[in-house]
Amino acid sequence: MTSPVIGVLALQGDVREHLVALAAADAVARPVRRPEELAEVDGLVIPGGESTTISKLAVLFGLMEPLRARVRDGMPVYGTCAGMIMLADKILDPRSGQETVGGIDMIVRRNAFGRQNESFEAAVDVKEIPGDPVEGVFIRAPWVESVGARAEVLAEHDGHIVAVRQGNALATSFHPELTGDHRVHGLFVEMVRAYRTSESL
Ligand SMILES: NC(=O)CC[C@H](N)C(=O)O
């Protein structure tokens, strides 16, 4: 079977690192900036960066509604850090004008780890990733305050939820694209493959 085509939302943030990690995990990866490009991908990564900026640019580029529609339709989507914030149905302390795509029944607190510690690394056990813990790189990272019944917690750090999955939507507070360990991207590529197979039946 041919490799799935996975987009990386390329409005702001660490786009290139995700393109490299997805390619290493056997996907065809390409940047997505326009609605027509979004329509052509089998799955999408929303990278880390600054969620307020990504949100405003998504509205400006006419991508917010198409993003919501595709996520509602079940397109697999993976958000890291600012991308996790974009996938939250609700955020605490949003900046004015900040919107989210939503898709995961969770409440996310922006910069939650950041106030105590701008940036750090920690080993994180992630459900669905067998073997060694994942090296979690946290950069002004959010955490998940609470999840609703439909969302499954995949990982915690220091008593705080840092990875969540709800159906085809996956989110991590940390940045696996920066470590050279492509297992989380591998999990996402498998989600996209399964979706593609179910769509073509
Ligand atoms: N590394 C990151 O993506 C940081 C997220 C950033 N603190 C935000 O609120 O968007």
Side-chain angles (χ1 to χ4, degrees), residues 6-22 29 31-33 43-61 63-64 67-68 71 77-124 126 134-147 151 154-158 160-166 169-185 187-188:
I6 302 186
V8 179
L9 188 65
L11 303 175
Q12 189 262 343
D14 68 334
V15 174
R16 205 182 58 86
E17 289 81 355
H18 278 290
L19 292 170
V20 170
L22 288 167
V32 165
R33 286 189 196 84
L44 185 77
V45 169
I46 306 181
E50 174 49 53
S51 57
T52 318
T53 307
I54 295 175
S55 160
K56 289 186 176 160
L57 290 174
V59 172
L60 199 69
F61 281 60
L63 275 164
M64 194 57 102
L67 280 167
R68 288 181 178 140
V71 171
V77 62
Y78 171 32
T80 58
C81 204
M84 167 186 257
I85 297 168
M86 291 293 288
L87 292 180
D89 282 348
K90 188 169 185 318
I91 44 182
L92 295 174
D93 61 15
R95 296 245 213 107
S96 75
Q98 179 166 15
E99 297 181 37
T100 71
V101 173
I104 302 185
D105 184 6
M106 62 179 174
I107 301 175
V108 167
R109 184 181 291 276
R110 299 179 54 227
N111 301 326
F113 286 110
R115 275 179 226 114
Q116 301 151 32
N117 197 337
E118 273 290 290
S119 173
F120 62 95
E121 294 184 22
V124 182
V126 183
V134 169
E135 181 189 350
V137 178
F138 295 81
I139 303 167
R140 286 175 294 108
W143 70 48
V144 180
E145 287 279 331
S146 63
V147 294
L154 296 187
E156 295 189 22
H157 173 69
D158 253 2
H160 300 290
I161 299 166
V162 295
V164 175
R165 177 171 177 180
Q166 181 175 318
L170 176 71
T172 61
S173 302
F174 50 89
H175 292 268
E177 74 282 7
L178 300 179
T179 61
D181 174 354
H182 304 304
R183 288 178 296 162
V184 179
H185 287 79
L187 166 66
F188 182 61

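Starting from 1, each residue takes its place in the sequence as its number. Whatever order the structure lists ligands and atoms in, that order sets their numbers, starting from 1.
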Taking only non-hydrogen atoms of Gly48 and a 4.0 Å limit, the atoms of ligand 1 in range are 3 (O)
Atom 10 (O) of ligand 1 sits nearest the protein heavy atom Ser51 N, 2.5 Å
Just jot down the ligand 1 atoms closer than 4.0 angstrom to any heavy atom of Glu50, in number order.
6 (C), 8 (C), 9 (O), 10 (O)
Short question: side chain of Arg68, backbone of Thr100 - any donor-acceptor pair under 3.5 Å?
yes
Please report the closest heavy-atom contact between Ala141 and Cys81, naming both atoms and the distance.
CA-SG, 4.0 Å
So which protein heavy atom does atom 5 (C) of ligand 1 come closest to, and at what separation?
Gly49 O, 3.4 Å
Between Arg183 and Glu135, is there a salt bridge with N-O shorter than 4.0 Å?
no
In ligand 1, the atoms that come under 4.0 Å of a heavy atom of Ile85 are 8 (C), 9 (O), 10 (O)
Would one find an N or O of Thr52, backbone or side chain, under 3.5 Å from an N or O of ligand 1?
no
Which ligand 1 atoms are under 4.0 Å away from a heavy-atom of Asn111?
6 (C), 7 (N), 9 (O)
Got the closest protein heavy atom to atom 2 (C) of ligand 1, with its distance?
Cys81 SG, 2.8 Å
Does any N or O of ligand 1 fall below 3.5 Å from an N or O anywhere on His175, backbone included?
yes
Check each atom of ligand 1 against the heavy atoms of Ile139 and keep those under 4.0 Å away; list them by number with element.
1 (N), 2 (C), 4 (C)
Is the closest side-chain heavy-atom distance between Gln166 and Val147 below 4.5 Å?
no
Parallel, tilted or perpendicular: which one describes the rings of Phe138 and Phe120, with boundaries at 30° and 60°?
parallel
Side chains of Ser173 and His157: any donor to acceptor distance under 3.5 Å?
no
Check the angle between the aromatic planes of Phe113 and His160 and answer parallel, tilted or perpendicular using the 30° and 60° thresholds.
perpendicular
